[in-house]
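Following: one structure in structure tokens, then a few remarks.
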Amino acid sequence: MDYLNYGNKVQQKPQGFGNQAQLTKDDFSFGDLSQQITKPQVAPPPPTQDQLLQLFPTPVLISSYPFDYSNELKWIKNQSCEREGKSPNINLLNRQSKDTFILDNPEMSRVKQFIDSKLKEFVINVMGSDSELVITQSWVNRNGKGESHHDHKHPNSMISGVWYPQIHEELPPIQFKIGNQRDVELTITKYNNFNSATFLIPMKAGELIIFPSNLSHCVPANQSDEERISLSFNTWCKGNMGSERSLTYLPFDRLM
């Protein structure tokens, strides 16, 4: 039935239904209902607004030494070294220089200037600070075949680093480990920055790596006949620290 036009065809009178429009079968036809049924529309999902954040990331800086250092390397190889601990497996430990202020020597002045410049960039650009870091101690590490360096951190230091005068990517890398090991782990099918507990970073000759001193690290055993040589250092902030207003002031000048 054509309901849209029915009101025009049927005229009702106040006195009854004497006059009626003539209706035909077409007025009761609904047509092809399959074409008139409105199919339900599924709204598309809204554009995703997900954000994956990296909270509290650990900064690690790698820089390449831009000068020839053959003379410095020769001088380093002549430095007296000894085992760095009294472990039962002492023959497996690396050897460290007796001089623990190796960068204070004039023969290492260019290397020290390079490290100082990178520390300054790290403090300003990464840490967002105007504080000045000073190299406190520095020493040489030598890893011959079978020698390793145990897992450790650097106490009484803020930022530490290692410069590599003799290494290549086939020699043991520096290995960093997460500080708070998880008690429960999912089955990992693909490792990334969020689920990895260990990072191995192969280093190249002349490269410098800078990292927070409380980041745990070690060196796996050297399986090569070639010796691995590195120079490590610690730092501390120059002058007084903190602020009086925030009650974090640490007046080192009063402690001297």
Side-chain angles (χ1 to χ4, degrees), residues 58-84 94-144 149 152-169 171-174 176 201-219 226-241 252-253 256:
T58 302
V60 176
L61 174 68
I62 298 177
S63 303
S64 297
Y65 188 69
F67 308 111
D68 175 75
Y69 55 88
S70 55
N71 290 334
E72 287 87 345
L73 177 57
K74 184 177 180 179
W75 182 85
I76 287 174
K77 288 183 175 181
N78 288 327
Q79 299 308 299
S80 177
C81 295
E82 58 186 6
R83 302 290 178 188
E84 55 92 12
N94 68 333
R95 291 155 288 135
Q96 292 180 346
S97 61
K98 292 182 180 180
D99 185 354
T100 60
F101 300 91
I102 205 78
L103 287 173
D104 291 349
N105 291 277
E107 292 83 355
M108 299 299 295
S109 60
R110 281 202 314 171
V111 175
K112 186 176 186 297
Q113 288 176 4
F114 167 72
I115 294 175
D116 281 335
S117 67
K118 292 303 175 181
L119 282 171
K120 184 176 182 179
E121 291 179 10
F122 188 86
V123 169
I124 295 175
N125 299 330
V126 179
M127 306 306 295
S129 173
D130 60 357
S131 298
E132 181 181 353
L133 289 183
V134 177
I135 296 176
T136 53
Q137 279 190 293
S138 54
W139 60 96
V140 171
N141 307 287
R142 301 181 71 159
N143 293 66
H149 200 167
H152 65 286
K153 301 177 182 179
H154 290 211
N156 298 331
S157 177
M158 293 184 176
I159 300 297
S160 295
V162 186
W163 179 62
Y164 294 90
Q166 182 169 297
I167 198 174
H168 54 72
E169 293 176 315
L171 290 174
I174 185 170
F176 294 101
I201 304 181
M203 302 298 295
K204 299 177 182 178
E207 284 187 331
L208 166 70
I209 187 167
I210 296 176
F211 51 89
S213 299
N214 63 350
L215 184 59
S216 182
H217 56 287
C218 63
V219 179
E226 185 176 355
E227 191 174 46
R228 178 188 192 271
I229 302 178
S230 62
L231 188 157
S232 300
F233 59 89
N234 289 332
T235 67
W236 196 257
C237 183
K238 185 176 182 179
N240 300 328
M241 296 175 57
F252 284 106
D253 53 0
M256 301 301 290

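Along the sequence shown, residues carry numbers from 1.
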Verify, without hydrogens or angle tests, whether E82 (side chain) and Q96 (backbone) share a donor-acceptor contact under 3.5 angstrom.
-> no
Scanning both residues in full, the closest heavy-atom pair of I167 with P172 reads CD1-O, 3.9 Å
Which pair of non-hydrogen atoms, one from M203 and one from I209, has the smallest distance, and what is that distance?
-> CE-CB, 3.9 Å
Apply side chain to side chain donor-acceptor pair (under 3.5 Å) to N125 and list each qualifying residue two or more places apart in sequence or on a separate chain.
-> none
Among N143, N94, V162, whose side chain to side chain contact (heavy atoms under 4.5 Å, CB included) with V219 holds?
-> N143
Under the 3.5 angstrom rule, does the side chain of Y69 hit a backbone N or O of G206 as a donor-acceptor pair?
-> yes
Any idea which heavy atoms bring W139 and T100 closest together, and the distance?
-> CB-CA, 4.2 Å
K77/E72 salt bridge by N-O under 4.0 Å criterion = no
The ring-ring contact (aromatic ring centres under 6.0 Å, His included) partners of H152 (sequence neighbours excluded) come to H149, H150, H154, H217
With sequence neighbours excluded, tell me which residues meet side chain to side chain donor-acceptor pair (under 3.5 Å) with S213.
-> S157, S160
Using a cut-off of 6.0 Å, state whether more than 12 heavy atoms not belonging to N78 lie near its atom CG.
-> yes
Minimal non-hydrogen separation, P59 against M127, with atom names = CG-SD, 4.4 Å
